[in-house]
Amino acid sequence: MKERLIFHVDVNSAFLSWEAVYQLKNGASTDIRTIPAIIGGDTSLRKGVVLAKSLPAKHFGIHTGEPVTDALTKCPSLKSFRPNFPLYREYSTAFITILKKYAPVVEQVSIDEAYLDMSGLHYFYSTPLEAAAKIQTEIRDTLGFTVNIGISSNKLLAKMASDFEKPDKIHTLFPQEIAEKMWHLPVRTLFFTGRVAAQKLNQLGIYTIGDLAGSDPNFLQAHLNSQGITLWNYANGRDDSPVKETPDAPKGYGNSMTLSKDLTSFSEARPVLLELCETVTKRLRADHVYAQVIEVELKDKNFRRKSHQTVLDYSTNTTDDFYQISIKLFQELWDGTPIRLLGVRGGKLTTDKIEQIQLFTETASRQKSREKMAKLDAALDSIQKKYGKDSVKRGSRC
């Protein structure tokens with residue numbers, strides 16, 4: 001069996017780098033990567049958070065995910081630019097195209113990062129570092145931005161390596177290097193270790209990845225359930241997950257919306273739920289799958305999250321079905337507290353169209369209505385595909 005060799009390639013401050021490259025190509029005199037600058041959301045829509053930052057901005061203590069208003073307080077001269085997602089998709093496509101020249105299997109895990117299975121390619125390069133340097137140089141020279149590359153024998157360690165010193169760096173983290181390069185790091189930096197898990201581990205006296213690696217896995221399981229075993233394996237560098245060019249089929253389809261102002265009435269909720277249902281069901285129909293579970297979630301003004309779902313005795317991907325059921329779920333869930341986020345999700349997916357069980361409950365007229373709504377969905381999908389998503393809109397109703 002050939003020895004595994006995995007690269008993790010991560011674009012440095014992707015959104016800001018891509019905006020910088022675009023500006024320079026269009027005559028800008030300043031590279032925003034060299035000044036305090038951020039890509040930030042729209043504060044008027046309450047999505048004003050830092051999405052990407054330059055190194056000079058980082059030196060002011062600005063970090064990804066914090067409100068733009070806080071970032072401006074730290075650095076009044078900070079330059080902020082709105083995100084341009086169509087541009088990002090263009091650069092992401094070009095980035096992945098280059099990676100596919102170097103590896104037979106490339107797994108894109110987000111818009112700006114991917115794993116490469118380089119196993120068996122030692123015949124083409126004298127060392128893994130040489131191969132990584134060629135990839136890094138071609139991306140820099142061709143596309144104008146930089147990447148970090150992590151190299152190891154599995155995906156976990158390659159990912160950890162690519163997060164070491166940035167930007168424009170190449171790092172290795174092979175199993176024999178774990179003790180020296182990884183175990184001294186705070187446990188929060190370990191992949192898959194969220195804030196809550198890190199706090200629990202700290203309360204147990206586990207502060208570094210090395211502390212975690214040396215802990216009793218049964219002790220960890222008792223306090224963190226199955227996640228404790230996963231984190232223990234990760235701390236010891238264990239990961240056998242393959243690099244997959246084709247992603248796994250989704251377990252569910254969902255969409256949520258942060259509202260520009262708190263929602264305080266049912267009449268305000270209806271059009272939002274309709275828009276969410278339309279987005280989710282359009283994706284279901286595009287992939288020719290149906291859902292048997294419909295779920296509504298909300299986050300109120302106090303940042304409390306709640307959800308409510310129902311399991312259907314049939315499968316559906318029609319907007320009207322989702323909308324009518326979501327309305328009912330919402331009414332059962334909401335206690336009247338002002339809402340700042342709403343979401344709709346379809347789960348328990350199937351490729352089969354399972355018809356509703358008719359035990360004298362479904363009339364012929366209702367059956368015809370469902371068939372009519374399915375035809376309406378198909379017609380609207382066709383029109384929006386040809387003329388754009390805003391070319392025709394549904395009207396919400398009770």
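For clarity, every value in this text was computed on a predicted model and none was experimentally measured.
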Tell me whether [X] at atom [atom1] has more than 12 heavy atoms from other residues, nucleotides or ligands lying less than 6.0 Å away.
{"X": "Gln176", "atom1": "CD", "value": "yes"}
{"X": "Tyr22", "atom1": "OH", "value": "no"}
{"X": "Lys299", "atom1": "NZ", "value": "yes"}
{"X": "Lys181", "atom1": "NZ", "value": "yes"}
{"X": "Lys306", "atom1": "NZ", "value": "yes"}

Honestly curious: do [X] and [Y] fall in one hydrophobic cluster under the side-chain, below-4.5 Å linking rule?
{"X": "Val21", "Y": "Ile35", "result": "yes"}
{"X": "Leu116", "Y": "Val243", "result": "no"}
{"X": "Leu129", "Y": "Leu173", "result": "no"}

Ring geometry between Phe145 and Tyr91 (parallel below 30°, tilted from 30 to 60°, perpendicular above 60°):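 Correct class here is perpendicular.
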Once the angle between the rings of Phe266 and Phe330 is folded into 0 to 90°, is it parallel (under 30°), tilted (30 to 60°) or perpendicular (over 60°)?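 Geometry flag for Phe330 against Phe266: parallel rings.
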Looking at [X] and [Y], would you say the former's side chain and the latter's main chain have a donor-acceptor pair under 3.5 Å?
{"X": "Asn148", "Y": "Asp168", "result": "yes"}
{"X": "Thr350", "Y": "Asp352", "result": "yes"}
{"X": "Trp183", "Y": "Thr208", "result": "no"}
{"X": "Glu130", "Y": "Ser126", "result": "yes"}
{"X": "His171", "Y": "Glu165", "result": "yes"}
{"X": "Thr351", "Y": "Val289", "result": "no"}
{"X": "Lys74", "Y": "Gly61", "result": "yes"}
{"X": "Ser92", "Y": "Asp112", "result": "no"}
{"X": "Tyr88", "Y": "Asn84", "result": "yes"}
{"X": "Thr279", "Y": "Glu275", "result": "yes"}

Do you know the tightest heavy-atom contact between [X] and [Y]?
{"X": "Gly252", "Y": "Leu349", "value": "N-CD1, 3.8 Å"}
{"X": "Leu5", "Y": "Ser119", "value": "N-OG, 3.0 Å"}
{"X": "Ser152", "Y": "Ala158", "value": "CB-N, 3.6 Å"}
{"X": "Thr193", "Y": "Arg188", "value": "O-NH1, 2.8 Å"}
{"X": "Asn317", "Y": "Arg285", "value": "O-NH1, 2.8 Å"}
{"X": "Lys353", "Y": "Tyr290", "value": "CD-CE2, 3.1 Å"}

[atom1]/[X] to [atom2]/[Y] distance, rounded to the nearest 0.5 angstrom?
{"X": "Asp239", "Y": "Ser153", "atom1": "CG", "atom2": "OG", "value": "9.0 Å"}
{"X": "Asp70", "Y": "Cys75", "atom1": "CG", "atom2": "SG", "value": "13.5 Å"}
{"X": "Thr281", "Y": "Tyr323", "atom1": "OG1", "atom2": "OH", "value": "13.0 Å"}

So that I can tick it off, tell me whether Arg305 and Glu297 are bridged by a salt bridge, with the cut-off set at under 4.0 angstrom between side-chain N and carboxylate O. yes
Taking Lys134 first and then Glu138, would you say they form a salt bridge - that is, a charged N and a carboxylate O separated by under 4.0 Å?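 Glu138 and Lys134: not salt-bridged.
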Run the numbers on Lys166 and Asp10 for salt bridge (charged side-chain N to carboxylate O under 4.0 Å, His left out), then give the verdict. CA-CA 10 Å; Lys166 297 180 179 182; Asp10 188 12; 3.7 Å; yes
In sequence, state the C-alpha distance, the side-chain angles, and the governing distance for Ser265 and Glu268, and then conclude on side-chain hydrogen bond (donor to acceptor under 3.5 Å, both in side chains). CA-CA 5 Å; Ser265 69; Glu268 293 173 317; 3.3 Å; yes
Would you please test Glu332 and Lys328 for salt bridge (charged side-chain N to carboxylate O under 4.0 Å, His left out) and show each step? CA-CA 6 Å; Glu332 294 172 353; Lys328 182 175 182 294; 2.6 Å; yes
Scan for salt bridge (Lys or Arg N to Asp or Glu O under 4.0 Å) pairs involving residues 200-216, sequence neighbours excluded, and state none if there are none. none
Can Lys155 be said to sit on top of Tyr115's aromatic six-ring, NZ or CZ under 6.0 Å from centre and within 45° of the ring axis?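 Yes, Lys155 sits over the ring of Tyr115.
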